[in-house]
Structure formats: C-alpha cells, structure tokens
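Okay, structure first, notes after.
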2 protein chains.
Amino acid sequence: MKQLETLEFIEAIARAGSIRGAADSLSLTSTALNRRLLALEEELGAPVFERLPRGVRLSPAGELLIHHIRQQRADLDRVRSQIADLKGERRGHVKVACSQALLPYFMPHEINAYRAEHPKVTFEVNLRDRYRAEQALVTHAADIALVFEPVRLADVQVLATAPQPVHVVMVRDHPLAAKPVLRLSDLVGYPIGMPSEEFGVRYLLDLAMRRSAIRITPQIVSDSFEFLRSYPGPELMLTFQIPIGLPAQDSGPEAFVSRPVDTRDVPAGLLYLAQMRGRTLPVAAANFARQLARALDAASDGPVRPGP
Amino acid sequence: MKQLETLEFIEAIARAGSIRGAADSLSLTSTALNRRLLALEEELGAPVFERLPRGVRLSPAGELLIHHIRQQRADLDRVRSQIADLKGERRGHVKVACSQALLPYFMPHEINAYRAEHPKVTFEVNLRDRYRAEQALVTHAADIALVFEPVRLADVQVLATAPQPVHVVMVRDHPLAAKPVLRLSDLVGYPIGMPSEEFGVRYLLDLAMRRSAIRITPQIVSDSFEFLRSYPGPELMLTFQIPIGLPAQDSGPEAFVSRPVDTRDVPAGLLYLAQMRGRTLPVAAANFARQLARALDAASDGPVRPGP
DNA sequence: GCATTGCGGTGCGTTTTTTGCAGCAGTCAG
DNA sequence: CTGACTGCTGCAAAAAACGCACCGCAATGC
C-alpha cells in the first residue's frame with residue numbers, strides 16, 4: 001500500500017539498525033531511504049532515530065511511532081479483509097502464534113478443517129513460547145495466539161480456555177503404563193526427560209515440586225518435544241505432554257502411550273486462546289478464532305481423552 | 001502529513017459528493033484527484049464510490065474505508081501529540097462538543113483555567129445537541145463531549161457525570177421567586193418559554209409531564225437559550241435551565257434568578273463527560289478531560305448552587 | 001426537443017518529486 | 001594507519017504527479 005510505504009521503511013530501519021542495511025533489504029539506495037527518514041523527522045518535528053557511530057537506534061519518539069506504524073498496518077489489513085469479505089471473496093491470511101503442543105495434531109487438524117471450507121484463506125503458524133506469543137500479539141506479528149499457561153495476559157483478550165492436565169508419555173510396555181493415573185511419587189527412579197523452562201508444562205511441574213517433598217531430576221532437558229518423544233525408546237524414559245499434543249489414546253499401533261498425572265500432585269494447566277485487547281480482527285482471523293474457541297470448548301466439555 | 005494525503009482526499013470527495021467539487025475545495029484539478037481515486041480503488045480491488053450521474057456516493061467498501069481514514073488520522077494526531085509532549089512542548093489542540101448549557105459559564109471558565117497553565121494549547125468548542133455530540137465522538141470530529149442527558153451512549157466511554165436538577169429561570173421580581181423550591185403545579189398559569197425537543201431539559205420535562213396530570217403548554221419554543229433568556233422581561237415568562245448554565249446565585253445585580261424544580265416532579269438529569277470508547281486521547285485532550293472530570297465531581301459533591 | 005450544464009474518465013505534454021551516483025566527514029576495529 | 005562502516009549532501013537522471021483539453025453521458029432548463 002502506497003500510503004504506508006514510508007512508515008514501512010521506517011520499521012525496516014528499526015529492524016536493521018542502520019539505514020544502509022535497511023536500504024539493501026528493501027532494494028533501495030541509502031540515499032532515498034535517508035531522505036525519506038529526514039523528511040518524516042522534519043514533519044514530526046522530532047528525530048525518530050538516535051544517530052550512533054555504528055548506525056541508528058529508535059528514539060523515544062520513534063518508539064511511539066513504531067507502535068503506531070504496526071497498528072496502522074494491522075488496521076489497514078483488517079479493512080482490506082473486510083472489503084474483500086463483502087465482495088464475497090472468502091480470502092485472507094491468518095497469523096497464529098502457538099505453543100509447541102498445538103503443532104502436531106490440533107493446529108493441522110483445525111487449519112485443514114477451516115481450509116476445506118475456505119480454500120483461499122492462507123495461514124502462517126509460528127512456534128512461540130509463552131512469553132513471546134504475547135509479544136507477537138502486541139506487535140501484530142500474530143492475529144491470534146494459543147498458549148499453554150501464558151505469563152501475564154496484559155494487553156491481551158482471552159477468547160477461550162481449555163483445562164489441560166499434565167500427562168506422562170512413555171513406551172507402550174513401560175511398567176507405569178499399567179496404572180490409569182499416575183502419582184508424582186510413581187515417577188521416582190525412572191529416567192526423566194523434561195521440556196526446558198520456557199514451556200508451560202515445565203512451569204507446572206516446577207510449581208508442583210516446589211510444594212512437595214518429591215524431587216524429580218531430569219536426565220535430559222530439551223526445548224524440542226520432538227526430540228524428547230523420539231528419545232525414550234531405549235531407556236524407558238518418561239517425558240511430559242498435555243493431551244492436546246498427544247494422539248488419541250486408541251489410535252492404532254502407536255509406540256507410546258500417555259497417562260495423566262493426578263491433579264492433586266500437579267494441577268491441570270490452562271490453554272488460552274487470545275487476541276490483542278481492543279483489536280478488531282480481520283474477517284478470516286475472526287472466523288478461524290471462532291472455530292478454535294468451539295473446538296476448545298468441545299475438548300473441555302467432554303472427557304479430554306477417554307480412558308480405556 | 002504526506003502519508004495520509006490520498007486518504008484525506010478521499011474523505012473530501014465523500015464530503016463534497018463529487019470529485020470535481022472536492023478538487024475545487026482542495027485546490028486541485030479533478031484530473032489529479034480522479035486518478036488518485038482510481039489508483040486507490042485499483043489497490044483495494046474494489047470501488048470506493050458508486051458513480052452516479054450527478055456525482056459519487058460512498059460504496060459499502062467506501063464506508064469501511066472512511067471509518068478507517070478517520071481513525072488513522074485521529075491516531076496520527078495522538079502520536080504527534082505524544083511526541084510533542086515528550087519534547088516538553090505542552091501544545092496541542094482540543095476539540096470539544098457540548099450541550100448549550102455549558103457554553104455561557106462552564107466551558108469558558110474551564111478553558112481559561114487550562115490555558116492559563118498551557119497557553120500553547122488551542123481549543124475548538126462546538127455546540128452539538130445530545131444526538132450529534134455522540135456522532136461527533138464517533139467520527140472523531142470531537143475529542144471529548146459534555147452532554148446533558150445523552151441519547152444512547154453506544155460506542156462512548158463515560159469519564160464523569162454530574163447530576164443537574166432542572167431550574168426555572170424568571171425575572172428577579174417574579175411572584176414565584178419568593179419560593180425556594182418550585183413544584184410543577186406552581187408554574188401553571190404563567191407564560192412559559194421552552195427549549196425545543198432536541199434538548200435534554202425539554203426531554204426531562206416531557207418525561208415528567210407524561211407521568212403527571214399537570215400540563216404546561218409553552219407559549220414560546222426556541223432552540224436558543226439566549227433568546228429565551230432575553231425574552232421573559234416584559235411577560236414574566238418562565239423558562240428552564242440547568243445549574244451549570246446559570247450564573248452563581250448571588251453574583252451581583254443579575255436581572256434573573258433561578259429556582260430549582262422539586263425533584264419529585266422532575267428528576268434531576270445527568271451531565272455526561274465522555275470520549276469515544278477504546279480511544280487513547282491526545283495528551284492535551286486527555287489532560288483537559290481530567291480537569292473537567294474534577295470540576296464536575298466538585299460541582300456534584302458540594303451543593304450545586306448554594307442558596308441564599 | 002434541443003442546447004446547456006455538470007459529471008467521471010482519458011491522452012499527452014509539462015512540472016514536481018523521488019531516486020541513484022559519487023563523494024564528504026566521522027567512528028571504530030585491527 | 002588502514003579499511004570498512006556509518007549518516008549525510010550536490011547534482012543529474014528517472015519516475016511520478018499534475019494540468020489542460022477533450023470525450024461520452026445523463027439530468028436539467030427553456
């Protein structure tokens with residue numbers, strides 16, 4: 001959009017940290033970019049960047065401006081989306097930031113279902129930990145976020161929640177697989193693989209252990225559930241996951257099974273569907289969010305995973 | 001601001017109802033303006049205006065766009081204001097829409113007090129009836145509104161309220177001036193001048209009469225309180241006003257006095273200070289609104305007008 | 001019923017704005 | 001000191017915006 005071109009350029013400079021760097025990434029000369037910046041600062045009556053010997057950095061005024069720019073662009077996107085919608089074109093682009101647990105089953109399934117009805121809607125799904133998911137909403141890098149145990153929920157609006165008790169994942173013939181529900185004390189003595197600290201599951205486990213005498217020390221810590229899940233085979237290792245990140249219990253010859261941890265030991269966490277507070281979402285994003293909210297409600301109404 | 005120039009032009013076309021008309025008011029050729037419009041519609045992928053034989057009219061897409069334009073401009077104004085503020089320049093421009101009663105005493109006094117501290121802040125005060133004051137907030141034609149008995153308060157956020165009992169205004173030596181509080185029945189038989197129906201005072205009186213047997217038929221109806229106030233001299237005519245639109249009771253040799261109507265007959269109305277819901281006001285407007293809120297609180301805490 | 005008026009849109013030459021190149025002074029790492 | 005990097009500035013070329021004259025069209029006035 002021609003209107004916001006200069007403002008986009010400003011954001012590019014902020015990202016690059018230098019005018020010349022941004023100019024390269026924009027396929028422009030530094031001259032042109034520099035002059036646009038100077039003209040804008042002239043109009044604003046205040047410098048947008050502090051000039052450093054090695055580049056530029058946003059000034060306080062620039063911080064205000066960059067916020068404004070992001071909002072302007074998001075607003076314009078929304079208007080364009082609404083206009084396209086009233087032309088009957090059910091197209092659009094939805095940006096989702098979500099926790100890891102949503103990636104293997106939930107998000108693919110939901111997006112697939114949505115695209116079956118609206119094939120012209122495109123998606124962008126980004127893995128963001130609980131803190132950065134909220135940041136993504138604020139900077140308009142994401143339209144909606146699905147986060148397990150978010151950090152603070154400031155500036156965001158909750159659209160739906162679903163309780164998610166922590167499950168232990170193990171190989172099918174693990175001794176503990178015999179029990180339908182596990183106590184924390186059951187786990188002592190087995191090798192443990194834990195997600196790293198930025199994850200909600202880890203947060204809940206740390207919280208639980210702080211309140212009890214039981215200490216579970218992980219042999220493996222990783223920020224990749226993929227890795228943790230692939231690892232346990234040889235060692236009978238236990239790892240953790242929430243139901244929405246697990247396959248249906250009876251879905252054929254899975255190598256792994258999961259058992260819930262007793263909620264007296266580790267309380268169930270909450271999965272949040274959220275958008276930025278006060279923002280009107282583009283049509284496609286709003287509709288998709290509505291679908292997700294229904295799916296989460298359905299997941300928490302019935303038994304989360306019907307046991308055997 | 002260069003960024004929004006085209007969008008401003010679009011709004012001008014919407015106002016003028018024709019491209020050529022808008023071009024004249026913008027000191028442009030219709031050619032240039034027309035081409036900008038065509039380019040924008042190209043970018044949007046939808047016509048912004050319906051072409052009529054005698055000009056243009058906003059299309060549905062245009063309605064969405066014009067809303068966006070107004071919001072963009074208001075947002076940009078706010079950012080500029082914030083930037084100016086952090087430079088220490090306490091300048092700015094505040095647009096107020098208010099009911100008639102605020103014009104003679106309250107607004108001049110408050111603006112004067114504010115400008116005493118911030119001389120670089122300029123003001124724009126527009127008389128808007130209860131319906132149009134809310135409209136002004138929504139279209140960003142006003143930053144804040146002070147309305148007596150607003151219509152519906154949708155899309156607006158109330159910052160403060162002050163109760164305002166209806167007063168009867170009369171010449172100093174009017175027979176009714178002897179009573180400290182008037183009943184509605186006291187007024188029967190005297191000539192009456194009433195504000196027209198768009199005013200909150202009239203709304204309250206009509207409401208009261210609908211609930212009682214007493215009928216007060218006005219001899220004079222006017223949308224100008226100035227006129228009504230100037231009229232009563234020769235005829236002992238009674239007219240109505242709320243305290244905030246009246247001089248202090250004991251302020252020297254006024255020709256007129258006022259007496260409250262018993263609130264059992266006519267309930268006190270509410271004066272609302274409001275802004276648009278969800279909007280962050282420019283610095284100057286926000287500060288002025290805070291001052292007004294204090295003034296209204298003070299007015300309703302103590303006795304509204306200390307009697308003799 | 002026909003000329004007039006005002007409308008949105010278009011081709012073309014001109015004016016204004018933007019861009020790119022070359023080069024300046026300054027800072028920092030090695 | 002050297003070399004690489006920064007933001008910034010004349011000056012000429014390229015690009016975009018503009019204004020004029022004009023077209024087709026529909027409503028209006030007489």
Side-chain angles (χ1 to χ4, degrees), chain A residues 1-63 65-66 69 72 76 83 87, chain B residues 1-63 65-66 69 72 76 83 87:
Chain A
M1 201 77 175
K2 196 57 179 299
Q3 323 303 323
L4 297 179
E5 207 181 34
T6 298
L7 297 182
E8 305 271 5
F9 288 177
I10 298 300
E11 199 188 5
I13 297 176
R15 261 201 309 273
S18 86
I19 297 179
R20 287 181 126 106
D24 286 348
S25 73
L26 293 170
S27 303
L28 263 181
T29 346
S30 69
T31 317
L33 191 53
N34 181 26
R35 279 212 256 266
R36 283 209 188 198
L37 171 58
L38 291 175
L40 180 70
E41 291 181 327
E42 176 80 13
E43 273 185 306
L44 282 179
V48 175
F49 293 97
E50 297 170 14
R51 268 66 170 181
L52 308 177
R54 271 332 247 199
V56 294
R57 186 178 51 202
L58 280 171
S59 69
E63 297 279 356
L65 184 66
I66 212 83
I69 290 172
Q72 296 261 79
L76 185 59
I83 289 176
K87 281 198 305 180
Chain B
M1 199 78 176
K2 197 59 179 295
Q3 324 303 324
L4 297 179
E5 207 181 34
T6 297
L7 297 182
E8 305 272 5
F9 288 179
I10 298 301
E11 199 188 5
I13 297 176
R15 261 200 310 273
S18 85
I19 298 179
R20 289 179 122 102
D24 285 350
S25 73
L26 293 169
S27 304
L28 264 180
T29 357
S30 68
T31 315
L33 191 53
N34 181 25
R35 277 208 259 266
R36 285 213 187 194
L37 171 57
L38 291 176
L40 180 69
E41 292 182 326
E42 176 80 14
E43 272 184 306
L44 282 179
V48 175
F49 292 98
E50 298 170 14
R51 269 63 170 181
L52 308 177
R54 270 334 245 199
V56 294
R57 185 178 52 201
L58 280 172
S59 69
E63 296 280 355
L65 184 67
I66 212 82
I69 291 171
Q72 297 263 75
L76 184 60
I83 289 176
K87 281 198 305 180

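Here is how names work: the chains are called A, B, and so on, in the same order as the sequence lines, proteins then strands, and each is numbered from 1.
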Quiz item: Can you tell if the side chain of A:Leu7 reaches within under 4.5 Å of the side chain of A:Ile66, non-hydrogen atoms only?
Solution: no
Quiz item: So how far is it from B:Leu37 CG to B:Leu33 CG, rounded to the nearest 0.5 Å?
Solution: 7.0 Å
Quiz item: Got a donor-acceptor contact below 3.5 angstrom from the B:Glu43 side chain to the A:Lys2 backbone?
Solution: yes
Exercise. Measure from CG on A:Leu38 to C1' on C:dT17 and round the result to the nearest Å.
Key: 16 Å
Self-check item: Spacing of B:Gln3 atom CD and A:Glu8 atom CD [to the nearest 0.5 Å]
Solution: 10.5 Å
Practice problem: Could you state the atom-to-atom distance from CD1 of B:Ile19 to P of C:dT10 in whole Å? | Solution: 11 Å
Give me the distances for all protein-to-nucleotides 16-20 of chain D N/O pairs that come in under 3.5 Å?
residue : atom : partner : partner atom : Å
D:dC18  : OP1  : B:Arg36 : NH2          : 3.0
D:dC18  : OP2  : B:Arg36 : NE           : 3.3
D:dG19  : OP2  : B:Thr29 : N            : 3.2
D:dG19  : OP2  : B:Thr29 : OG1          : 2.2
D:dG19  : O5'  : B:Thr29 : OG1          : 2.9
D:dG19  : O6   : B:Arg35 : NH2          : 2.3
D:dC20  : N4   : B:Thr31 : OG1          : 2.9

Practice problem: Mind calculating the distance between CD (A:Glu50) and P (D:dG7) to the nearest angstrom? | Solution: 14 Å
Exercise. Take atom CG of A:Leu40 and atom P of D:dC8, then tell me their distance rounded to the nearest Å.
Key: 13 Å
Quiz item: Hey, are the side chains of B:Pro60 and A:Lys87 touching, using non-hydrogen atoms and a 4.5 Å cut-off?
Solution: no
Quiz item: Contact class for B:Leu52 (heavy atom, under 4.0 Å): base, sugar-phosphate, or nothing?
Solution: nothing
Quiz item: Ignoring hydrogens and geometry, is there a side-chain-to-backbone donor-acceptor pair from A:Ser59 to A:Val48 under 3.5 Å?
Solution: yes
Practice problem: Kindly indicate, with the supporting measurements, whether the criterion salt bridge (Lys or Arg N to Asp or Glu O under 4.0 Å) is fulfilled by B:Glu41 and B:Arg35. | Solution: CA-CA 10 Å; B:Glu41 292 182 326; B:Arg35 277 208 259 266; over 6 Å; no
Practice problem: Give the rounded distance in Å between these two atoms: CG of A:Leu26 and P of C:dT18. | Solution: 17 Å
Exercise. Check whether any side-chain heavy atom of A:Asn34 sits under 4.5 Å from a side-chain heavy atom of A:Thr29, and report yes or no.
Key: no
Exercise. Round to a whole Å and report the spacing from CZ of A:Arg57 to C1' of D:dG7.
Key: 16 Å
Quiz item: Quick one: B:Phe49 CZ to C:dC7 P, roughly how many Å, whole number?
Solution: 14 Å
Exercise. Take atom CZ of A:Arg51 and atom C1' of C:dT27, then tell me their distance rounded to the nearest Å.
Key: 16 Å
Using the 3.5 Å cut-off, write out each protein N or O paired with an N or O of nucleotides 22-27 of chain D and the distance between them.
none

Practice problem: Hey, could you give me the CG/CZ distance between B:Leu58 and B:Phe49, rounded to the nearest 0.5 Å? | Solution: 5.0 Å
Exercise. Establish, with yes or no, whether the OP1 or OP2 oxygen of C:dG8 is under 4.0 angstrom from a side-chain nitrogen or oxygen of B:Asn34.
Key: no
